[in-house]
Amino acid sequence: MKINAGEIRVGMLLEYKNDLWQVLKTQHVKPGKGGAFAQVEMKSVNKNTKLNERFRSSETVEKASLDETTFNYLYNDEVNYFFMNPKTFEQIEIKKEIIGDKGKLLTENLEVSINFYNENPIWIELPNQVQCKIETTDAALKGQTISSSYKPATLENGLNIQVPPFIEVGDEIVVDTRNLEYVKKI
């Protein structure tokens with residue numbers, strides 16, 4: 001689907017120069033002389049390279065059409081994560097490098113959305129919030145709220161995040177999957 005350069009938004013996938021690019025940053029620039037343009041920073045989905053490109057407002061770019069399907073997480077091995085479609089019971093595997101750090105937040109039967117491009121899985125969306133358990137954290141010291149009100153903690157899945165001082169080892173918390181930040185205690 002063709003879109004104008006002014007419609008490019010962060011997170012979109014574009015087909016450009018025979019590759020698939022994810023938009024990281026976009027800025028609309030209107031110089032004093034000449035026409036307006038969109039300054040776009042993109043990352044290649046396949047090659048993991050970055051590209052800065054200027055598109056004039058009158059130009060059109062090809063927005064990638066993706067198929068989004070809901071899957072349940074099953075398990076993982078050294079190389080892949082395994083998912084099952086709850087409607088067809090079809091199982092797929094996705095390489096760990098495609099999912100990255102988000103893979104540590106996967107729990108059994110967690111429902112995720114997987115985006116496919118030409119029937120290849122390229123992107124996974126977790127629910128916005130997931131429950132995690134605190135494995136280790138520092139003890140909160142009284143009167144230490146002057147500098148920072150957050151302290152480091154390690155979750156059961158190995159992720160390190162910042163939590164408020166009242167959180168202790170063994171507490172169940174909610175973590176935002178988009179920015180890996182503490183939301184609330186359960």
Pairwise distance [atom1]([X]) to [atom2]([Y]) - rounded to 0.5 angstrom:
{"X": "Tyr150", "Y": "Ile161", "atom1": "OH", "atom2": "CD1", "result": "9.5 Å"}
{"X": "Ile122", "Y": "Leu20", "atom1": "CD1", "atom2": "CG", "result": "5.0 Å"}
{"X": "Ile8", "Y": "Met42", "atom1": "CD1", "atom2": "CE", "result": "7.5 Å"}
{"X": "Met84", "Y": "Phe71", "atom1": "CE", "atom2": "CZ", "result": "10.0 Å"}
{"X": "Met12", "Y": "Gln22", "atom1": "CE", "atom2": "CD", "result": "12.0 Å"}
{"X": "Tyr75", "Y": "Glu108", "atom1": "OH", "atom2": "CD", "result": "11.5 Å"}

Hey, does [Y] have a side-chain heavy atom less than 4.5 Å from the side chain of [X]?
{"X": "Ser44", "Y": "Leu51", "value": "no"}
{"X": "Asn85", "Y": "Thr69", "value": "yes"}
{"X": "Val40", "Y": "Trp21", "value": "no"}
{"X": "Leu105", "Y": "Leu180", "value": "yes"}
{"X": "Ile124", "Y": "Phe83", "value": "yes"}

Which pair of non-hydrogen atoms, one from [X] and one from [Y], has the smallest distance, and what is that distance?
{"X": "Thr70", "Y": "Glu111", "value": "CG2-CG, 3.2 Å"}
{"X": "Cys132", "Y": "Val175", "value": "SG-CG2, 4.0 Å"}
{"X": "Lys133", "Y": "Gly170", "value": "CE-O, 3.4 Å"}
{"X": "Glu93", "Y": "Phe82", "value": "OE1-CE2, 3.3 Å"}
{"X": "Ala38", "Y": "Ala5", "value": "CB-O, 3.8 Å"}
{"X": "Glu59", "Y": "Arg56", "value": "OE2-N, 2.8 Å"}

- Item | CA sep, side-chain torsions, deciding dist, call: Ile173, Leu155, side-chain contact (heavy atoms from CB on, under 4.5 Å) | CA-CA 9 Å; Ile173 63 167; Leu155 304 175; 3.9 Å; yes
- Task: Sort out for me which residue in Arg54, His28, Gln27, Glu53 forms a side chain to side chain donor-acceptor pair (under 3.5 Å) with Gln39.
- Result: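 Single side chain to side chain donor-acceptor pair (under 3.5 Å) partner of Gln39 among Arg54, His28, Gln27, Glu53: Arg54.
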- Query: Is it true that the side chains of Thr154 and Asn160 contain a donor and an acceptor less than 3.5 Å apart?
  - Reply: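 Short answer, yes.
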Is there a path from [X] to [Y] through hydrophobic residues (I, L, V, M, F, W, Y) whose side chains come within less than 4.5 Å of each other?
{"X": "Val61", "Y": "Leu13", "answer": "no"}
{"X": "Val79", "Y": "Ile94", "answer": "no"}
{"X": "Leu110", "Y": "Ile99", "answer": "yes"}
{"X": "Val130", "Y": "Ile186", "answer": "no"}
{"X": "Phe116", "Y": "Leu126", "answer": "yes"}

- Query: Between Val163 and Lys151, is a side-chain contact (heavy atoms from CB on, under 4.5 Å) present by the stated rule, with each step listed?
  - Reply: CA-CA 5 Å; Val163 296; Lys151 62 182 181 177; 4.0 Å; yes
- Worked check of side-chain contact (heavy atoms from CB on, under 4.5 Å) between Ile134 and Glu168: CA-CA 7 Å; Ile134 301 288; Glu168 296 174 9; over 6 Å; no
- Query: Does Ser57 use its side chain to pair, donor to acceptor, with the backbone of Ala36 at less than 3.5 Å?
  - Reply: yes
- Got a donor-acceptor contact below 3.5 angstrom from the Lys104 side chain to the Leu159 backbone? no
- Apply side-chain contact (heavy atoms from CB on, under 4.5 Å) to Ile92 and Ile114, showing your working. CA-CA 10 Å; Ile92 63 164; Ile114 299 177; 3.8 Å; yes
- So with a 6.0 Å cut-off around NZ of Lys102, is the heavy-atom count from everything else above 12? yes
- Message: Does atom NZ (Lys50) have a neighbourhood of more than 12 heavy atoms from anything else shown, all under 6.0 Å?
- Response: no
- Task: For Glu62 and Lys2, run salt bridge (charged side-chain N to carboxylate O under 4.0 Å, His left out): C-alpha distance rounded to whole Å, both residues' side-chain angles, the deciding distance at 0.1 Å, then the answer.
- Result: CA-CA 5 Å; Glu62 188 69 30; Lys2 294 248 186 231; 3.6 Å; yes
- Message: Taking the ring centre of each residue, are Phe55 and Tyr16 less than 6.0 Å apart?
- Response: yes
